[in-house]
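One structure is given here, and the rest of the page talks about it.
Position 1 is the first residue of the sequence; numbering continues from there. Counting convention: from 1, in listed order, for ligands and their atoms alike.
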Amino acid sequence: MLDPDLLDALRTARHVVVFTGAGVSAESGIPTFRDRLTGLWERFDAASLATAEAFRADPALVWGWYEWRRSVVHRAQPNPAHLAIAALASKVPKLTLITQNVDDLHERAGSLDVTHLHGQLERPRCFQCQRDPDAPLPVPDEPEAGRRVQPPACAHCGGPLRPGVVWFGESLPMDAITHAFQAAEQCDLLISIGTSGVVYPAAEIPEIAWRLRATVLHINPVPGPLHGERDFALASAAGIALPALLNEAFAEH
Ligand code: APR
């Protein structure tokens, strides 16, 4: 039985923000960043792969690594957590979905209007002139991680395309972070799913909601510290907790 105050908060919320991190895609087989042993930053050096300096130094190594990540996502499927989030949108008056993830599994699960704070694997742009390519990227082949792949050339200026993700040391898209902060300020309930909450400014979003008197729910097998009132945690995998939460909150009585 879930906490009745949490169920009531979900049933009566006028505006729900769902804020996701890599953990929401873990059950789809997409590696997270900081999980012990399996996280990407446990196995790869972020500084040599996820920075503009790294790309400038070795474009083929960085582009190849992101093509590997794109191929992992392409072979994956949305999991019950993504599907439950898509279903939640039709059960509450207003839902704003904010993700730190660069995969497209929320969209493939049926969620509309997804705000990507850290960019998207499928949206590269020219490293030199910043323009978007005229055509979408081809279906990725299956390079193993670490194989060099030359980035395509920009059709406008001939410069190399770069992954459309926010690298360490780069600022987030202003429209995305502004939209996310406004939604956090206005919502009655924020559900934070599968994030370690260590990367700012994204990690500020649940804090803003809580400070402005929203109820906050953290879904994570390894929950972090709670404020006490109006702050809940389900120490569970998202693919288990979210369907259970929706069933209990919205099952026809
Ligand atoms: N369901 C829910 N949560 C899960 C699951 C699961 N099945 N599996 C793992 N988790 C949790 C982990 O306990 C961890 O707290 O997901 C979280 C993943 O944390 P990170 O790997 O740090 O990912 P994230 O919080 O999204 O990282 C934020 O850091 O490197 C940057 O740009 C990158 O967007 C990323 C940002």
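What sits closest to atom 25 (O) of ligand 1 on the protein, heavy atoms only, is Thr195 OG1, 2.7 Å. At the shortest separation from atom 9 (C) of ligand 1 among protein heavy atoms lies Asp35 OD2, 3.3 Å. In terms of protein heavy atoms, atom 18 (C) of ligand 1 is closest to Gly194 O, 3.7 Å. The shortest contact between atom 28 (C) of ligand 1 and any protein heavy atom is with Gln100 OE1, 3.4 Å. Nearest to atom 20 (P) of ligand 1 among the protein's heavy atoms is Ser196 OG, 3.7 Å. Nearest protein neighbour of atom 6 (C) of ligand 1, counting heavy atoms only, is Gly23 O, 3.3 Å. Nearest non-hydrogen protein atom to atom 8 (N) of ligand 1 is Ala26 CB, 3.6 Å.
Under the 3.5 Å distance criterion, the side-chain polar atoms of Gln100 are left unmatched by any main-chain donor or acceptor of His118.
With hydrogens and angles left out, the side-chain atoms of His218 and Asp231 include a donor and acceptor closer than 3.5 Å. One side chain, Glu107 or His116, offers a donor N or O that lies under 3.5 Å from an acceptor on the other. Side chain to side chain, Thr96 and His179 fail the donor-acceptor criterion of an N or O pair below 3.5 Å. No side-chain donor from either of Gln77 and Ser28 sits under 3.5 Å from a side-chain acceptor of the other.
The N/O atoms of Ala238, backbone and side chain alike, include one that comes under 3.5 Å of an N/O atom in ligand 1. Between Asn220 and ligand 1, an N or O atom pair is found at a separation short of 3.5 Å. For the pair His118 and ligand 1, the shortest N or O to N or O distance falls below 3.5 Å. Distances between N or O atoms of Ala22 and those of ligand 1 include at least one value under 3.5 Å. Remark: ligand 1 and Phe33 share an N or O pair separated by less than 3.5 Å (distance only, no angle test).
Close approach of ligand 1 to Trp41 is summarised as follows: ligand atoms under 4.0 Å from at least one heavy atom of the residue are 30 (O). Within the listing of ligand 1, atoms 1 (N), 6 (C), 7 (N) sit less than 4.0 angstrom from a heavy atom of Glu27. Within the listing of ligand 1, atoms 26 (O) sit less than 4.0 angstrom from a heavy atom of Gly21. Within the listing of ligand 1, atoms 30 (O) sit less than 4.0 angstrom from a heavy atom of Phe168. Here is the list of ligand 1 atoms found below 4.0 Å of a heavy atom in Thr32: 21 (O).
A tilted orientation is assigned to the rings of Trp41 and Phe33, their planes being inclined by 30° to 60°.
For the pair Pro31/Thr38, no side-chain contact is recorded, criterion being any heavy-atom separation below 4.5 Å from C-beta on.
For the side chain to side chain contact (heavy atoms under 4.5 Å, CB included) with Arg69, the lone residue among Leu40, Val165, Asp103 that qualifies is Leu40.
Cation-pi geometry between Arg148 and Trp65 is not met: the NZ or CZ atom fails to fall both under 6.0 Å from the ring centre and inside 45° of the normal.
In this structure, Trp68 has its ring center under 6.0 Å from that of Phe44. Under the 6.0 Å cut-off for aromatic ring centres, Phe55 and Trp63 do not qualify, their centroids lying 6.0 Å or more apart.
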Salt bridge (Lys or Arg N to Asp or Glu O under 4.0 Å) between Glu42 and Arg34, worked out = CA-CA 7 Å; Glu42 294 265 321; Arg34 294 173 183 83; over 6 Å; no

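At a 4.0 Å heavy-atom cut-off, ligand 1 touches Val199 through the side chain alone. By the criterion of a heavy-atom distance under 4.0 Å, both the backbone and the side chain of Arg34 are placed next to ligand 1.
The closest approach between Gly39 and ligand 1 stays at or above 4.0 Å for every heavy atom of the residue.
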